[in-house]
Number of protein chains: 4
Amino acid sequence: MNSLRNSVRLVGNLGMDPEVKNFDNNKQLVKFSLATNETYKNDKGERVTETQWHNLIAWGSQAKFIGDYLKKGDEVAIEGKLTNKNWVDKDGNKRYMTEVVVNDFIKLKG
Amino acid sequence: MNSLRNSVRLVGNLGMDPEVKNFDNNKQLVKFSLATNETYKNDKGERVTETQWHNLIAWGSQAKFIGDYLKKGDEVAIEGKLTNKNWVDKDGNKRYMTEVVVNDFIKLKG
Amino acid sequence: MNSLRNSVRLVGNLGMDPEVKNFDNNKQLVKFSLATNETYKNDKGERVTETQWHNLIAWGSQAKFIGDYLKKGDEVAIEGKLTNKNWVDKDGNKRYMTEVVVNDFIKLKG
Amino acid sequence: MNSLRNSVRLVGNLGMDPEVKNFDNNKQLVKFSLATNETYKNDKGERVTETQWHNLIAWGSQAKFIGDYLKKGDEVAIEGKLTNKNWVDKDGNKRYMTEVVVNDFIKLKG
DNA sequence: TTTT
DNA sequence: TTTT
């Protein structure tokens, strides 16, 4: 009852090598950024590319697999879940961050 | 070539009545928050609900339609695009915000 | 590596009560038909509804859950996999059938 | 209100060069088959690949673009709509066929 | 064979 | 700030 309620699908390129973190409880986390490019023609008929950068993370065996297998520049398709976290920073400002938690991926090129 | 590269699908409830803004150029923008609820059993076998709050916006005729038709509490399915904007706030801190730009929706209940 | 390669999402109404079959090996299968309705305006500006009927099946605990919980007329969202089977019928004609194997569903109304 | 109610996403390889048909009213139709491969480990721990063959069609500018741009063997991601048609054949048997009407595609490799 |  |  999960991926029907909250599902993100992206096709794009890694902006960095994935960063793997190992925790004491043998859990693994991987983080990386992904760029998606949308191209369209503007009012003047010029071809324009608009890029979105997304924060992606993955846990467990998916994290290990991503860390071993993907690198900067690779093109991937991913399916994940949209999550938001918020906290108060050292200056007392409320901060927000959105992350896509990756459930599955396919390496396409690179 | 767009929704294959960047697509978000959510089923959830509006946390507020949509806020419509009218711009000088006759363009309309609507903003609202949407809660998606995921339920699962934790280690102790207890039923737990985890809620994510998402920022949604829509433009044009979609904005007008949402403003006229949806209200706080309604359950909807939406399809949209994941976008990130960043700016420097008055204290010089870099700030980020993620929004889902709604392309299409279905009202389910409420 | 599965739902990224082959994924169907439908929102529609059950045309029948689900039919549950129990196999000797304790496996369960459920079958039902689902109608999806698309409405649009034709050349004359008339509102037209076009209906597609889909064959859906599910296995295991999902089958049991569907058999217990859903009935004719209910509106559901489903996620599944597109499968094709073919065989030769009693007259020697090659026959085809497409089924959506349901992985997950949400009951919306009804 | 369309792709939320009926949406198919496939990543796979073309089994043939697309066949383009031109109609009198300047409309174009393209047909091709697409194989999706799912790999998993069976009871004996052996890696197994299961292939599904899908019938795909597209209309209009999408048809022309596919005919010009894709060929047998290419890997593509597609988004489309699941449609079913049925008719009575020359022997009086009721026949069914399922087609995915392509709305959008990305060429991945090949 | 569904639903609005 | 929603809903079950």
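The analysis underlying the following values was restricted to heavy atoms, covering all of them including side chains, and did not include hydrogens, waters or symmetry mates. Here is the naming used below: chain letters follow the sequence lines, and residue numbers restart at 1 for every chain.
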Strictly below 4.0 Å, N to O, side chains only: are A:Lys85 and A:Glu99 in salt-bridge contact?
yes
Find the distance B:Leu70:CG to F:dT3:C1' and express it as a whole number of Å.
15 Å
Would you mind reading off the distance between B:Leu56 atom CG and F:dT2 atom C1', rounded to a whole angstrom?
13 Å
Nearest whole Å is fine: how far is F:dT4 P from C:Lys107 NZ?
14 Å
Give me each pair satisfying salt bridge (charged side-chain N to carboxylate O under 4.0 Å, His left out) with a member in residues 49-68 of chain C, each pair once, sequence neighbours excluded.
C:Lys64-C:Asp68
Looking only at the side chain of C:Asn37 (C-beta and beyond, no hydrogens), which of the listed nucleotides F:dT2, E:dT1, E:dT3 gets closest?
E:dT3
Separation of F:dT3 atom P from B:Phe32 atom CZ, nearest Å, is 15 Å
Could you tell me whether the side chain of B:Thr51 has a donor or acceptor atom within less than 3.5 Å of a complementary atom in the base of F:dT2?
yes
C:Asn13 side-chain proximity, nearest of F:dT3, E:dT2, E:dT1
E:dT2
F:dT1 base stacked by B:Trp53 (centroids within less than 5.5 Å, tilt under 30°):
yes
More 5' along DNA chain F: B:Leu34 or B:Thr49, using each one's nearest nucleotide?
B:Leu34
When rounded to whole Å, the NZ to P distance for the pair C:Lys71 and E:dT1 reads 18 Å
Which is true for B:Lys72 with a 4.0 Å heavy-atom rule: it touches a base, it touches only sugar-phosphate, or it touches nothing?
sugar-phosphate
Nearest whole angstrom, please: distance from the P of F:dT3 to the CG of A:Leu4.
21 Å
State whether the number of non-hydrogen atoms from other residues, nucleotides or ligands found under 6.0 Å of B:Asn86 atom CG is greater than 12.
yes
Hey, could you give me each pair passing salt bridge (charged side-chain N to carboxylate O under 4.0 Å, His left out) that has a residue in residues 15-29 of chain C? Not counting sequence neighbours.
none
Using atom CG of A:Asn84 as one end and atom P of F:dT2 as the other, report the distance to the nearest whole Å.
17 Å
Counting any heavy atom closer than 4.0 Å, what does B:Gly73 reach on the DNA or RNA strands: base, sugar-phosphate only, or nothing?
sugar-phosphate
Side chains of B:Asn22 and B:Gln28, donor plus acceptor under 3.5 Å
yes
Atom CD1 of B:Ile78 and atom P of F:dT3: how far apart are they, to the nearest Å?
18 Å
